[in-house]
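Working notes, beginning with the structure itself.
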Protein chains: 2
Amino acid sequence: MAEAVISSPKRDHLMATAWRLFYRDGYRAVGIDTLIAEAGVAKMTLYNHFASKDELIIGVLEKRDCELRASINDQVNATDGSAAEKLLSVFDWLERWFGSTDFNGCAFIRALSEYPDPRHPIHQAAWRHKVAMQGALTELCSQAGAHNPAALANTLSLLIDGAIVAAQATGSTAPARSARDTAATLLALAVQKPA
Amino acid sequence: MAEAVISSPKRDHLMATAWRLFYRDGYRAVGIDTLIAEAGVAKMTLYNHFASKDELIIGVLEKRDCELRASINDQVNATDGSAAEKLLSVFDWLERWFGSTDFNGCAFIRALSEYPDPRHPIHQAAWRHKVAMQGALTELCSQAGAHNPAALANTLSLLIDGAIVAAQATGSTAPARSARDTAATLLALAVQKPA
DNA sequence: AAGAAAATATACAGACCTGTCTATTTTGTG
DNA sequence: CACAAAATAGACAGGTCTGTATATTTTCTT
């Protein structure tokens, strides 16, 4: 018995294919027929695992949210040195991401773009990811000794999202370096000064 | 004779309606039939003025690019005070924008999101806007006395785009304030120090 | 008022969209 | 082996999509 239904090979394979196509081409741009053809799966298999395309998109985003945060966490844990160095290593992670061959911007920013209505469940799923990321960043800022960790995390979030957009627009990894340098400056100020 | 075709009432009206719908709902989400119904115009009128939906989108983006830069320019010129204050007034402009009822994120970031292929003409039109904005920002940074105006403008761009994304995700104007505060700090450092 | 240009309504092509239904085959388990 | 669950192919419904064709009417200019 054990939980059942929560995971199955077909379902996982469907989610992996969906992620790849949605991230490459966009959510509205990829149709169900394209998706199942690429996954090599019958249409009813998809609709037995997901109630609708929107549910599939939300599932993909939630899975990506988990993986992303786990990956960043690994990077931080693998970084030796001070809490400040750990925090800044997030920007090294960014730089590697920007340089990867399939980098195509942030799936969550793109979801916000394609589903701008705040009441739309996909919009909300993307928003939840942003909140979770801010929370993780705040924790890192706190450990790095910032006097106002939430405020610093908030500002670093702006830098990160801005860098992602710039990297997507230009195809360069340089924005990660700019963001990292600025983050280092801001962190130094946030540790010494209360505001 | 005089130039002809470059502007006409129908064409302008079509572009205005297209802008409103595309910005509200997304580029792929709005169909031609919806568009012409909303504009109260025959389909052939649209296709006599624009070769395709993509051309219409590009036209809308280019018009928006002009208007946006003109609006920011007005804000800067209307701001009395030092060059630094003029530069920072861009963030006041942002805050007003975020607070406007029809704010829905950045049309260009959303275009990048929906048309991720760098070879796509819509993607390229959005990219051109980003370049133009950086140029204008660099000029302002230079006048404000930054030792490396391009570098500062680059960083401020990250803050601005990050703030736009955050404002879109949360529906709050607060990111403009965070970005402004950080910009003020960075500007002060960039004026006194060479790097 | 006459002729040219622009805009109109309408139908159409051909493709794609999400989601459902059914009947059959495969797969996994006791 | 036998039974049940899962996956399959394929058709189908009812829309929507972009773009074209055509024939008519309106608008502008001279």
Side-chain angles (χ1 to χ4, degrees), chain A residues 1-19 21-22 24-61 110-111 114-117 120-123 125, chain B residues 1-22 24-61 110-111 114-115 117 120-123 125:
Chain A
M1 311 284 160
E3 303 279 299
V5 203
I6 218 170
S7 174
S8 84
K10 286 284 173 193
R11 187 188 159 95
D12 291 349
H13 177 239
L14 223 23
M15 296 246 300
T17 304
W19 161 254
L21 296 187
F22 286 147
R24 192 187 64 190
D25 298 334
Y27 303 101
R28 292 197 130 99
V30 177
I32 293 293
D33 290 332
T34 305
L35 184 54
I36 61 174
E38 190 78 12
V41 150
K43 188 178 278 195
M44 277 315 294
T45 303
L46 189 157
Y47 280 105
N48 280 333
H49 284 291
F50 302 93
S52 65
K53 183 185 177 181
D54 282 4
E55 294 277 320
L56 171 60
I57 293 173
I58 291 170
V60 164
L61 287 178
R110 290 174 61 194
E114 287 208 54
Y115 302 91
D117 185 343
H120 197 293
I122 295 177
H123 187 103
Chain B
M1 311 285 159
E3 303 279 300
V5 203
I6 219 171
S7 173
S8 84
K10 287 284 173 194
R11 187 187 159 95
D12 292 349
H13 178 238
L14 223 24
M15 296 245 300
T17 304
W19 160 255
R20 185 167 54 84
L21 297 188
F22 286 147
R24 191 186 63 191
D25 297 334
Y27 303 101
R28 292 197 131 99
V30 176
I32 293 292
D33 289 333
T34 306
L35 185 53
I36 61 174
E38 191 79 11
V41 151
K43 188 179 276 195
M44 279 313 294
T45 303
L46 189 156
Y47 280 104
N48 280 334
H49 284 291
F50 302 93
S52 65
K53 182 185 177 180
D54 282 4
E55 293 277 321
L56 171 60
I57 293 173
I58 291 169
V60 164
L61 287 178
R110 290 174 60 192
E114 288 208 52
Y115 302 91
D117 185 342
H120 197 293
I122 294 177
H123 187 104

- Task: Grab the CG-C1' distance between A:D54 and C:dC17 for me, whole Å please.
- Result: 13 Å

- Message: Please report the distance, rounded to the nearest Å, between CG in A:L14 and P in D:dA6.
- Response: 15 Å

- Nearest-Å distance for atom pair CG/P, residues A:L46 and D:dA6: 16 Å

- The side chain of A:M44 lies closest to which of these nucleotides: C:dT18, D:dA9, D:dT20? D:dA9

- Do the side-chain N or O atoms of B:T45 get closer than 4.0 angstrom to the phosphate oxygens (OP1, OP2) of C:dT8? yes

- Item | Side chain proximity check, A:Y47 to A:I32, heavy atoms < 4.5 angstrom | yes

- Item | Of the listed nucleotides C:dT8, D:dA9, C:dT20, the one nearest the side chain of A:A42 | D:dA9

- Message: At less than 4.0 Å, is any side-chain N or O atom of B:H49 found next to OP1 or OP2 of C:dA7? Yes or no.
- Response: yes

- Length of the line joining A:L56:CG and C:dC17:P, which is rounded to integer Å: 14 Å

- Message: Using side-chain heavy atoms (C-beta onward) and a distance below 4.5 Å, is B:L61 in contact with B:Y27?
- Response: yes

- A:Y47 OH - C:dT22 C1' separation (whole Å): 17 Å

- Starting at the 5' end of DNA chain C, which residue's closest nucleotide do you reach first, B:G40 or B:K43? B:G40

- Using a 4.5 Å cut-off on heavy atoms from C-beta on, say whether the side chain of A:F50 contacts that of A:M15. yes

- Quick one: which of D:dT18, C:dC21, C:dG19 gets closest to the side chain of A:K53? C:dG19

- Could you give the CD1-to-C1' distance, from A:I32 to D:dA11, as a whole number of Å? 18 Å

- Message: Using a heavy-atom cut-off of 4.0 Å across all strands, would you classify A:K10 as base, sugar-phosphate, or nothing?
- Response: sugar-phosphate

- Where the side chain of B:E38 meets the backbone of B:T17, is there a donor-acceptor pair that is under 3.5 Å apart? no

- Task: Determine the contact category for A:D33: base if any of its heavy atoms lies under 4.0 Å from a base atom, sugar-phosphate if only primed atoms, P, OP1 or OP2 are that close, otherwise nothing.
- Result: base

- Message: Rounded to whole Å, how long is the line connecting atom CZ of A:R28 with atom P of C:dC16?
- Response: 19 Å

- Message: Check whether A:K53 reaches the backbone of A:G31 with its side chain - one donor and one acceptor, N or O, closer than 3.5 Å.
- Response: no

- Task: Measure from OH on B:Y27 to C1' on D:dT18 and round the result to the nearest Å.
- Result: 19 Å

